[in-house]
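Let me begin by presenting the structure, written as structure tokens, before commenting on it.
Since the model is a prediction, treat every value here as computed from it, not as a measurement.
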Amino acid sequence: MGFKTLCFGLTLILFAYYIYTPLPENIEEPWKVGVIDALIKTTSLTAMLLENMGLIRYAEFFSMLLKLDHTVLISDENITVMDTKFTDIPVCLYLPKKKSESQRRAVIFIHGGAFVMGSCRQTAYDFLNRWTANKLGAVVVGIDYRLAPQYQFPVPLEDVISVVRFFLQDNILAKYGVDPSRICISGDSSGGTLAAKVTQLVQNDPEFKNKIKAQVLIYPGLQVVDVLMPSHRQNEHGPILSRDMAIKMGCLYLTKDKALPQAVRENQHMPHGSRHLFKLVNWSTLLPEKYRRNHIYTEPIIGKLNSSYPVLLDSRLSPLLVTDSQLEKLPLTYIITCEHDILRDDGLIYVSRLRNAAVNVSHDHIEDGIHGALFFMTTPFYLRVGIRISDKYINWLEENL
């Protein structure tokens, strides 16, 4: 009995050690963030154990749990909510009921979830899109693109492009009373990745290039070339999104081969012929001095991975890999970055490159911000930082769209 008790106690201690992450001093509501972070790490550990037992895949376990948070799309006194499809892709459509004497603004919102989970039907995203439509009197389109690992790159991107191009047709804009000169594409996390790339592609399309007035990217991931940036090192264990979890899920967007995530962890995943791209994401020159701190820049190691992944050179995967001349065409841009986020430096570098390309860009850096904050705006995981970020997002749209 004593031995079993000792083993149980040691197991609890090891488990507590595994899930515990010291939080930065300036985190608002630290006990809430700590609980959420512990729950995510516990879920991740459970998912790994179940996958090793052959019961369910890692990402599928997360996705299954998130589906419990899907809300029923119900209209209210201010907004008509429609569950419909654009080009066979499910969308959540939010239409203000109040009559407007002029054409309405429109926001196309792309949800996050590391390309493997999430939905515009999540309670938090429904709350955000409903609030956006009500506050701005805008038509809001939430896209439920297909997810990896069942549908890997570039399927999610192609789904989003398909919906955007459908919605931007003159007859569709007229149907919903949308002003074709006041349309924004926005997204958070991996949704920000998709929003950034779709905006780049649309701006190069003669048929649609003048129809996107603005883009909003909320703590976006914008490159996979260098995964040892200062923000990756500082926030390796989170909170909320650890480096290991981001790599594990992000690689499922490309392949189920376990050799890739292992190489990515060591920053040894880039293939031969990729060195010319390093200057486009070189944090030692593009990151503001404040965020470089005392970190030493080293190039990603080339050619170590036996399998070749040419997709790692594709700007559709890493929007930062386009040239400055391509960036010059981009519309008004608003980027929100969070200090305690492994993806922080992607957004900061994009701000630098857009400004160098003379793009009109606004930037807010949330000093106590964490990755995924928008997801925690509703009970039971309500965080004030999520509300602050959503307020900044909607206020910027109200003033600029």
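Crowding of Glu25 atom CD: a count of heavy atoms from other residues, nucleotides or ligands under 6.0 Å not exceeding 12. Atom CD1 of Ile296 has 12 or fewer neighbouring heavy atoms from other residues, nucleotides or ligands inside a 6.0 Å radius. Shown here is Arg57, whose CZ atom has no more than 12 heavy atoms of other residues, nucleotides or ligands within 6.0 Å. Heavy atoms from other residues, nucleotides or ligands lying under 6.0 Å from NZ of Lys97 number more than 12. For Lys392, the NZ atom is loosely surrounded, since the number of other residues' heavy atoms within 6.0 Å does not exceed 12. Surrounding CG of Asp88 are at most 12 heavy atoms belonging to other residues, nucleotides or ligands under 6.0 Å away. Other residues, nucleotides and ligands place more than 12 heavy atoms under 6.0 Å from the CG atom of Asn171.
The aromatic rings of Tyr125 and His111 are tilted relative to each other, their planes meeting at an angle between 30° and 60°. Between Trp396 and Tyr334, the ring planes are parallel. Angles under 30° get that label, and only those over 60° would be called perpendicular.
Once rounded to the nearest 0.5 Å, the distance linking OG1 of Thr46 with CG of Leu39 reads 10.5 Å. Taken from CG in Leu330 to CD in Glu328, the straight-line distance is 9.5 Å, to the nearest 0.5 Å. Interatomic distance, CD of Glu398 versus CG of Leu136, reported as 6.0 Å (0.5 Å rounding). Summarising the geometry, atom CG belonging to Leu343 is positioned 5.0 Å from atom NE2 belonging to His371; distances are rounded to the nearest 0.5 Å. In this structure, the separation between CG on Asp314 and CG on Leu277 is 10.5 Å, given to the nearest 0.5 Å. Atom CG of Leu128 is separated from atom CD1 of Ile389 by 11.0 Å, given to the nearest 0.5 angstrom.
One side chain, Ser162 or Thr87, offers a donor N or O that lies under 3.5 Å from an acceptor on the other. Asn26 and His340 share a side-chain donor-acceptor pair at under 3.5 Å. For the 3.5 Å distance criterion, the side chains of Ser242 and His237 fail to qualify, holding no donor opposite an acceptor. In the model, Tyr309 has a side-chain atom that pairs as donor or acceptor with a side-chain atom of Asp257 under 3.5 Å.
You'll find the side chain of Ile349 reaches within 4.5 Å of the side chain of Met229, heavy atoms only. In this structure, Gln150 and Val155 have side chains that are not in contact, with every pair of non-hydrogen atoms separated by 4.5 Å or more. Within the 4.5 Å cutoff, the side chain of Val264 has no heavy atoms near those of the Val224 side chain. Within the 4.5 Å cutoff, the side chain of Met48 has heavy atoms near those of the Lys248 side chain. In this structure, Gln326 and Gln200 have side chains that are not in contact, with every pair of non-hydrogen atoms separated by 4.5 Å or more. His232 has its side chain out of reach of Trp283: every pair of non-hydrogen atoms, C-beta onward, lies at least 4.5 Å apart. Counting heavy atoms from C-beta outward, Asn78 and Lys135 have side chains that stay 4.5 Å or more apart. The shortest side-chain heavy-atom distance between Phe61 and Thr43 falls under the 4.5 Å cut-off.
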Worksheet item: Run the side chain to side chain contact (heavy atoms under 4.5 Å, CB included) check on Glu236 and Ile342 step by step: do they pass?
Response: CA-CA 7 Å; Glu236 179 179 3; Ile342 64 168; over 6 Å; no
Practice prompt. Verify side chain to side chain contact (heavy atoms under 4.5 Å, CB included) between Tyr393 and Trp131, making sure each step is shown before the conclusion.
Written response: CA-CA 11 Å; Tyr393 165 63; Trp131 190 8; over 6 Å; no
Item to complete: Step by step, work out the side-chain hydrogen bond (donor to acceptor under 3.5 Å, both in side chains) result for Tyr94 and Asn134.
Response: CA-CA 9 Å; Tyr94 298 81; Asn134 193 27; over 6 Å; no
Worksheet item: Would Tyr382 and Lys32 satisfy side chain to side chain contact (heavy atoms under 4.5 Å, CB included), going step by step from the backbone distance to the final call?
Response: CA-CA 8 Å; Tyr382 174 93; Lys32 282 189 184 180; 3.9 Å; yes
Practice prompt. Test Ser119 against Gln122 for side-chain hydrogen bond (donor to acceptor under 3.5 Å, both in side chains), laying out the working first.
Written response: CA-CA 6 Å; Ser119 166; Gln122 305 292 156; 5.1 Å; no
Fill in: Leu286 and Val281: CA distance, side-chain angles, deciding distance, side chain to side chain contact (heavy atoms under 4.5 Å, CB included) verdict
CA-CA 7 Å; Leu286 293 168; Val281 298; 5.7 Å; no
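Between Gln152 and Leu254 the shortest heavy-atom distance is OE1-O, 3.4 Å. Of all heavy-atom pairs spanning Ile370 and Pro239, the tightest one is CG2-CG, 3.8 Å. Shortest non-hydrogen contact noted between Ala195 and Ser186 is CB-C, 3.8 Å. Here the closest non-hydrogen pair linking Pro230 and His295 is CB-CD2, 3.5 Å. Considering every non-hydrogen atom in both Thr298 and Asp226, the closest pair reads O-OD2, 4.4 Å. Nearest heavy-atom pair across Phe167 and Leu173 is O-CD2, 3.1 Å.
Using modelled atom types, one side-chain atom of Glu51 and one backbone atom of Tyr58 make a donor-acceptor pair closer than 3.5 Å. With hydrogens and angles disregarded, no donor-acceptor distance shorter than 3.5 Å links the side chain of Thr337 to the backbone of Arg344. Using a distance-only test at 3.5 Å, with no hydrogens or angles considered, no donor-acceptor pair links the side chain of Asp159 to the main chain of Tyr145. Formation of a donor-acceptor pair under 3.5 Å by the Gln215 side chain with backbone atoms of Thr199 is not found in this model. Within the 3.5 Å criterion, the main-chain N or O of Ile218 finds no donor-acceptor partner in the side chain of Asp188. Here the side chain of Arg104 pairs no donor or acceptor atom with the backbone of Ala138 at under 3.5 angstrom. At least one donor-acceptor pair under 3.5 Å links the side chain of Asn267 to the backbone N or O of Val227. Not a single donor-acceptor pair under 3.5 Å links the side chain of Asp144 to the backbone N or O of Pro90. Between the side chain of Ser190 and the backbone N or O of Gly113, at least one donor-acceptor pair lies under 3.5 Å. With Arg243 contributing its side chain and Asn235 its backbone, the two residues share no donor-acceptor pair below 3.5 Å.
A salt bridge links Asp324 to Arg353: one of the charged nitrogens lies within less than 4.0 Å of a carboxylate oxygen. Salt-bridge formation is detected for the pair Asp368/Arg388: a Lys NZ or Arg NE/NH1/NH2 atom is positioned less than 4.0 Å from an Asp or Glu carboxylate oxygen. The residues Lys211 and Asp170 are annotated as salt-bridged, a charged nitrogen and a carboxylate oxygen being separated by less than 4.0 angstrom.
In this view, Phe86 and Phe166 satisfy the ring-ring contact (aromatic ring centres under 6.0 Å, His included) rule, not counting sequence neighbours.
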